[in-house]
Visitor: 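If you scroll down you'll find the structure; I have some questions about it.
Just so it is clear: chains get the letters A, B, ... in the order the sequence lines come, proteins before strands, and each one is counted from 1.
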2 protein chains.
Amino acid sequence: MYNSEEEFLKHYDSSNFEKLSMTTDILIFSISDSPTNNYRKLNEKLFSVLLVKRDTYPFKDKWCLPGGFIKIDEDLEDAPKRILANETNIHDIYLEQLYTFGAVNRDPRMRIVSTSYMALIDKNRLSDKLNSNASWFNINVMEDEKEISVYLENGTEEIKFKIKKTLKEKTTDRYKFEVIENDKLAFDHPLVIVSGIERLKNKIGYTDIVFNMMPEYFTLGELQQVYEIILGKKLLDPAFRRIISDKVVKTDKKQTGGGHRPSYLFKYKQ
Amino acid sequence: MYNSEEEFLKHYDSSNFEKLSMTTDILIFSISDSPTNNYRKLNEKLFSVLLVKRDTYPFKDKWCLPGGFIKIDEDLEDAPKRILANETNIHDIYLEQLYTFGAVNRDPRMRIVSTSYMALIDKNRLSDKLNSNASWFNINVMEDEKEISVYLENGTEEIKFKIKKTLKEKTTDRYKFEVIENDKLAFDHPLVIVSGIERLKNKIGYTDIVFNMMPEYFTLGELQQVYEIILGKKLLDPAFRRIISDKVVKTDKKQTGGGHRPSYLFKYKQ
DNA sequence: TTTTCTTTTTATCATTTTATTAATAACATA
DNA sequence: TATGTTATTAATAAAATGATAAAAAGAAAA
């Protein structure tokens with residue numbers, strides 16, 4: 001019918017195929033300091049995620065991940081970058097594509113497929129003011145063979161949800177996730193959050209991505225806490241130090257005032 | 001403006017947002033036997049991918065991955081299942097989402113975002129006849145710090161492409177891939193193939209997915225060959241046997257006729 | 001029939017890595 | 001000055017890994 005690619009494209013009718021909308025959802029993870037900073041209580045580090053309260057339908061007054069529509073003339077990965085720039089003042093943010101969710105009825109408005117991204121940031125680099133409807137939620141995860149329970153709190157509100165996991169194949173560690181309890185999170189965002197936590201848990205073992213969330217100077221105790229929160233288990237001090245010893249450099253700074261032997265501050269070895 | 005979610009949805013105008021088309025591309029990997037099966041030459045195992053020759057524009061006469069458009073009323077992951085069913089006669093195929101590619105100009109026709117999937121199958125379960133324009137290509141990969149060269153051949157045709165890799169962040173093992181040589185593959189499919197190989201290379205170490213490509217009975221030498229092809233390096237026999245010893249069961253069957261000590265046949269320990 | 005060849009399979013030992021326990025160090029407070 | 005607390009390191013045991021070599025079993029050649 002056509003004799004060349006040029007000719008074909010000239011006559012191509014793009015309405016031949018069904019069209020849909022795409023959005024992106026961004027899991028922005030960071031590390032927070034515990035609000036209770038008592039005497040003789042370690043400056044506890046917490047793992048947190050940024051959520052936004054919806055002020056319009058659908059899911060009005062529920063919390064969701066920052067996100068938005070992909071523009072027709074915008075590369076897919078430029079959308080999360082644009083939204084991140086809108087939520088923060090930082091430019092060089094660690095960003096990684098997570099998963100694309102595309103169940104037919106995942107959005108009540110219409111058919112929308114959403115590609116989720118995970119961003120890791122050091123909160124200390126943020127200018128203080130967040131967008132008015134955004135808030136950091138500390139993350140607590142309880143996981144066993146069958147379920148993942150996630151508890152989020154920001155000092156005022158609490159969000160809980162539970163996810164059932166069933167092994168997809170005997171040959172993998174892959175699970176099928178299904179939301180079985182959720183009252184305060186919009187869309188399929190519980191799934192996105194859990195996917196991100198799983199990804200991070202997996203990658204913390206063979207990459208250095210965790211340092212994207214750490215401040216410039218930190219103690220090994222703090223770093224170990226972050227590993228422990230994300231992995232959901234306690235680590236032995238000497239083992240942990242062996243593992244990260246070649247990733248960090250000791251500085252001559254010390255963190256005093258803890259009522260005990262002060263710890264040296266370390267930096268990430270670039 | 002609206003007093004309830006129902007009311008909002010009733011009046012929702014889905015033409016508010018820009019729409020695009022979505023496709024899926026499926027990397028179907030398997031293991032092939034070497035065509036040269038000489039005396040005293042091990043029955044060599046090769047790693048292969050299924051490609052389809054395009055008979056229409058765009059990219060007429062180029063090779064591409066099996067794929068197609070996502071239907072408006074079809075779950076995202078049902079599309080690759082539908083296409084797999086069309087290409088094979090097998091039902092329970094290992095399928096895993098790989099990555100969503102969404103550069104604005106990745107398709108010359110119009111804006112198309114594509115979610116790629118990786119499928120692993122045991123060729124022995126296929127009925128012999130493939131679709132007429134489909135063909136298995138054996139894969140050879142040469143990788144160093146800066147580049148990945150992939151060489152595909154199906155006995156008749158050869159396809160070569162080269163990809164430059166640059167480290168994205170110092171904190172990860174993540175690379176940015178850029179196609180620098182490619183003459184016979186359509187779209188951004190070189191990127192999809194390389195992403196899949198990297199995923200497989202990574203996952204072979206901590207999952208059992210490789211057994212989805214193995215026949216029911218295999219020798220440890222054959223299994224080791226498959227590991228070696230995918231990892232791109234030689235493994236020591238005793239080390240390999242230690243690693244996989246708890247994943248396989250020895251049967252009382254032997255593979256004789258090799259002019260040397262026969263090897264036992266093993267099965268995957270389900 | 002015997003020897004040679006090849007590859008499979010197992011054994012052995014050295015080395016490295018990881019796990020566990022315990023000891024020592026340093027600061028803040030009573 | 002003694003005590004509590006956490007940081008840091010030392011020391012040892014256990015496990016995993018790496019590397020080499022030896023034994024086993026069949027096919028083919030002498």
Visitor: When you measure from the side chain of A:Ser263, which nucleotide among C:dT21, D:dT8, C:dA28 comes out closest?
Guide: D:dT8
Visitor: Report yes if the distance between the aromatic ring centroids of B:Tyr264 and B:Phe266 is under 6.0 Å, otherwise no.
Guide: no
Visitor: Please tell me which of the listed nucleotides, C:dC27, C:dA19, D:dA24, lies nearest to the side chain of A:Pro262?
Guide: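 Closest of the options to the side chain of A:Pro262: C:dC27.
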Visitor: Starting at CD of A:Gln255 and ending at P of C:dA28, how long is that distance when rounded to a whole Å?
Guide: 12 Å
Visitor: What is the separation between atom NZ on A:Lys234 and atom C1' on C:dA19, rounded to the nearest whole Å?
Guide: 18 Å
Visitor: Could you give the CD-to-P distance, from A:Gln224 to D:dT9, as a whole number of Å?
Guide: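 That distance rounds to 13 Å.
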Visitor: Honestly, is A:Lys165 close enough over A:Phe177, meaning NZ or CZ under 6.0 Å from the six-membered ring centre and within 45° of the axis?
Guide: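 Geometry flag: not set, cation outside 6.0 Å or 45°.
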Visitor: Looking at C:dT20, D:dA7, D:dG18, which one has an atom nearest to any side-chain atom of A:His260?
Guide: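 Between C:dT20, D:dA7, D:dG18, the one nearest the side chain of A:His260 would be D:dA7.
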Visitor: Rounding to an integer number of Å, can you tell me how far B:Ile243 CD1 sits from C:dT10 C1'?
Guide: 16 Å
Visitor: Side chains of A:Ser30 and A:Ser48: donor-acceptor distance under 3.5 Å anywhere?
Guide: no
Visitor: If you check every side-chain atom of A:Thr256, which of C:dT9, D:dT8, C:dA28 has the closest atom?
Guide: C:dA28
Visitor: Could you give the CZ-to-P distance, from A:Phe240 to C:dT20, as a whole number of Å?
Guide: 17 Å
Visitor: Please determine, for the side chain of B:Lys254, which listed nucleotide (D:dA23, C:dT10, D:dG26) has the closest atom?
Guide: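 The listed nucleotide nearest to B:Lys254's side chain is D:dG26.
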Visitor: What is the distance from CG of A:Asp237 to P of C:dT21, rounded to the nearest Å?
Guide: 13 Å
Visitor: Could you tell me how far apart A:Glu222 (CD) and D:dT8 (P) are, to the nearest whole angstrom?
Guide: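 So the two atoms are 11 Å apart, to the nearest Å.
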Visitor: Using the closest heavy atom to pick a nucleotide of DNA chain C for each, name whichever of B:Arg242 or A:Leu236 lands nearer the 5' end.
Guide: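 With B:Arg242 and A:Leu236 compared, the 5'-side residue is B:Arg242.
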Visitor: What's the closest nucleotide to the side chain of A:Arg241 if the choices are D:dA7, C:dT10, C:dA28?
Guide: D:dA7
Visitor: Figure out the CG/C1' separation between B:Leu220 and C:dT7, and round it to whole Å.
Guide: 13 Å
Visitor: Just wondering, are more than 12 heavy atoms of other shown residues or ligands nearer than 6.0 Å to NZ in B:Lys247?
Guide: yes
Visitor: Nearest to the side chain of B:Arg261, heavy atoms from C-beta on, is which of C:dT9, D:dT8, C:dA11?
Guide: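 Shortest atom-to-atom distance from the side chain points to C:dT9.
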Visitor: Exactly one of A:Phe47, A:Trp63, A:Tyr151, A:Phe29 should register a ring pair (Phe, Tyr, Trp, His ring centres under 6.0 Å) with A:Phe137. Which one does?
Guide: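 When A:Phe47, A:Trp63, A:Tyr151, A:Phe29 are each tested with A:Phe137, the ring pair (Phe, Tyr, Trp, His ring centres under 6.0 Å) holds only for A:Trp63.
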